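A quick note: this is a predicted structure, and the numbers were derived from the prediction, not measured. Letters A, B, ... are given to chains in the order of the sequence lines, protein chains preceding strands, and every chain is numbered from 1.
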Number of protein chains: 2
Amino acid sequence: MAVTKKEAEGGGEAAEPPPPAARRPGGRTARVRDQVLAAVGPLLVEHGYDGLSVDAVAARSGVHRATVYRRWRDVGGLLADVLDAAGADRWTAPDTGCLEGDLRALNEEVQDALSEESSLAMALIAASFRSAGAADALRRFWEDRYERCVDVVERAVARGELTPPVETRGLLVAATAPLYHHLVLLHGAPDPALPGEAARTAVLAARAGAFGTRSRPE
Amino acid sequence: MAVTKKEAEGGGEAAEPPPPAARRPGGRTARVRDQVLAAVGPLLVEHGYDGLSVDAVAARSGVHRATVYRRWRDVGGLLADVLDAAGADRWTAPDTGCLEGDLRALNEEVQDALSEESSLAMALIAASFRSAGAADALRRFWEDRYERCVDVVERAVARGELTPPVETRGLLVAATAPLYHHLVLLHGAPDPALPGEAARTAVLAARAGAFGTRSRPE
DNA sequence: CTTTTACAGCGACACCTGTCGCGTTAAGAT
DNA sequence: ATCTTAACGCGACAGGTGTCGCTGTAAAAG
């Protein structure tokens with residue numbers, strides 16, 4: 001039981017050392033997982049996050065309700081597993097040739113992802129308030145993205161746009177946070193100008209010496 | 001019915017022009033509202049947002065379930081009305097003597113409000129994903145706060161810390177957004193240094209010419 | 001090819017959500 | 001003081017949520 005819970009929270013399929021040789025991830029179990037995860041996406045786009053119930057997922061996937069509850073615990077757990085399954089992609093940060101361009105492109109991606117009807121990202125954020133599994137998945141996802149975005153800052157340093165040391169995480173948060181604030185917290189409509197403005201602001205702050213850099217006199 | 005819905009979304013007690021002379025906000029109706037709203041707070045701190053059900057509120061207040069559903073529609077509507085009832089306070093922005101200090105003080109207030117156990121603010125944000133009433137109340141609340149914070153920027157301009165024109169809203173968002181990003185979206189633990197860092201970053205960006213100001217050479 | 005047992009199927013359950021129609025009460029207007 | 005009707009009380013309802021104990025099946029170990 002505790003094992004089942006752990007598996008659901010992890011959401012994945014690999015790395016289970018606790019029982020010496022117990023888990024059984026092959027054949028039917030894997031097939032069930034595929035069926036269930038395949039049902040989540042379509043249901044999300046058809047009925048939105050509020051229409052996404054464990055019952056509906058179970059019915060569409062042909063898997064029993066109790067099985068879904070046992071393995072995924074709640075809707076948040078389902079979304080988390082979908083994210084993990086799809087998040088193992090090879091996304092890389094944009095490379096436009098200058099720091100501000102990279103950050104703006106990043107912000108435009110964020111705005112697109114959050115603005116689309118029945119967005120997986122938005123659903124996960126909503127679920128993260130009620131589901132520990134979704135909250136964890138979200139945290140992992142963002143941590144992963146920040147990790148991959150160090151390139152953006154390193155390239156800027158290499159070009160001489162910034163002088164080290166740069167607190168990468170702080171810069172990235174400053175650049176993207178206004179978007180989340182507008183789209184997620186204020187539930188505002190997407191604003192085409194916002195990605196550029198937020199990127200510009202973050203670059204100005206960075207060049208003025210925020211994030212641990214020394215100001216680079218012109 | 002449409003009237004009931006409107007009333008619930010507005011959440012308040014005044015200004016109903018549609019029916020010439022119909023509404024009936026006195027006596028019993030007002031008493032019911034008081035009883036219900038008085039039950040929300042304690043239930044929120046005792047059981048948290050997830051434990052806050054319409055049924056529980058109805059039971060504690062001694063008002064019938066159906067009445068609560070009719071007037072407030074859902075938990076989000078209840079929280080929205082609590083906010084409206086309490087939000088008519090005379091909050092004013094902090095005045096510490098310098099822009100960065102004001103913004104830091106503002107951020108510390110935000111961090112405190114969002115960090116407390118069973119925070120009303122956090123509950124409202126969570127509810128805003130499932131309840132139009134909560135989303136509206138949240139938007140109105142923030143709009144009101146931004147309105148009251150223009151003083152901070154005006155004082156900074158008067159002191160010569162900034163040169164007009166200043167896009168006030170953009171500056172305030174830049175200063176506070178990283179906090180929301182950390183506390184609300186990443187569900188992170190409160191970080192005592194973050195309010196100051198975010199304030200400092202926003203001030204640096206402002207003085208570097210973001211938000212429509214011209215850079216003020218030293 | 002057997003045995004073990006992890007995992008799925010199944011139905012029951014207690015509870016919360018949200019809506020409905022009907023009868024009752026009491027604001028507010030005459 | 002009386003009438004009208006907005007708003008509440010009441011119980012029923014059709015869902016969804018999450019858990020439980022049991023039985024059945026098929027991975028994985030021998």
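Along DNA chain D, the nucleotide nearest to A/Ala66 and the one nearest to B/Val32 differ in position, and the one closer to the 5' end is contacted by B/Val32. Residue order along DNA chain C, read from the 5' end via each residue's closest nucleotide, puts B/Asp74 first among B/Asp74 and B/Arg31.
A/Ala56 comes within 4.0 angstrom of nothing in the nucleic acid, heavy atoms only.
If you take CZ of A/Arg70 and C1' of D/dC22, they are 10 Å apart, rounded to a whole angstrom. Counting to the nearest Å, the P atom of C/dG18 and the CZ atom of B/Arg73 are 9 Å from each other. Straight-line distance from the CG atom of A/Asp55 to the C1' atom of D/dA14: 13 Å, rounded to whole Å. Rounded to whole angstrom, the span from the CD atom of B/Gln35 across to the C1' atom of D/dG9 amounts to 13 Å. Summarising the geometry, the separation between CZ on A/Arg71 and C1' on D/dG18 is reported as 18 Å, rounded to the nearest angstrom. Spacing between atom CZ of B/Arg130 and atom C1' of C/dT17 amounts to 10 Å, rounded to whole angstrom units. Note: CZ (A/Arg33) to P (C/dC7) measures 13 Å, nearest angstrom. Atom NE2 of A/His64 is separated from atom P of D/dG21 by 15 Å (rounded to the nearest Å).
Taking the charged nitrogens against the carboxylate oxygens, A/Asp34 and A/Arg31 have no contact shorter than 4.0 Å, which rules out a salt bridge. We find that A/Arg140 and A/Asp84 are joined by a salt bridge, their nearest charged nitrogen and carboxylate oxygen being less than 4.0 Å apart. The residues A/Glu143 and A/Arg169 are annotated as salt-bridged, a charged nitrogen and a carboxylate oxygen being separated by less than 4.0 angstrom.
Looking at B/Arg28, its side chain has no donor and acceptor atom pair within 3.5 Å of the base of D/dC8.
Closest to the B/Arg65 side chain, of the nucleotides C/dT19, C/dG9, C/dC7, is C/dT19. Ranking C/dT17, C/dT25, D/dA27 by closeness to the B/Tyr69 side chain, first place goes to C/dT17.
For the pair B/Ser53 and C/dT17, the criterion of a side-chain N or O lying under 4.0 Å from OP1 or OP2 is met. Contact annotation: A/Thr29 does not reach the phosphate of C/dC7 (side-chain N/O to OP1 or OP2, under 4.0 Å).
Put simply, the side chain of A/Thr96 gets close to the backbone of A/Asp102: a donor and an acceptor are under 3.5 Å apart. Judged by distance alone, with hydrogens and angles left aside, the side-chain atoms of A/Glu100 form no donor-acceptor pair with the main-chain N or O of A/Val203 at under 3.5 Å.
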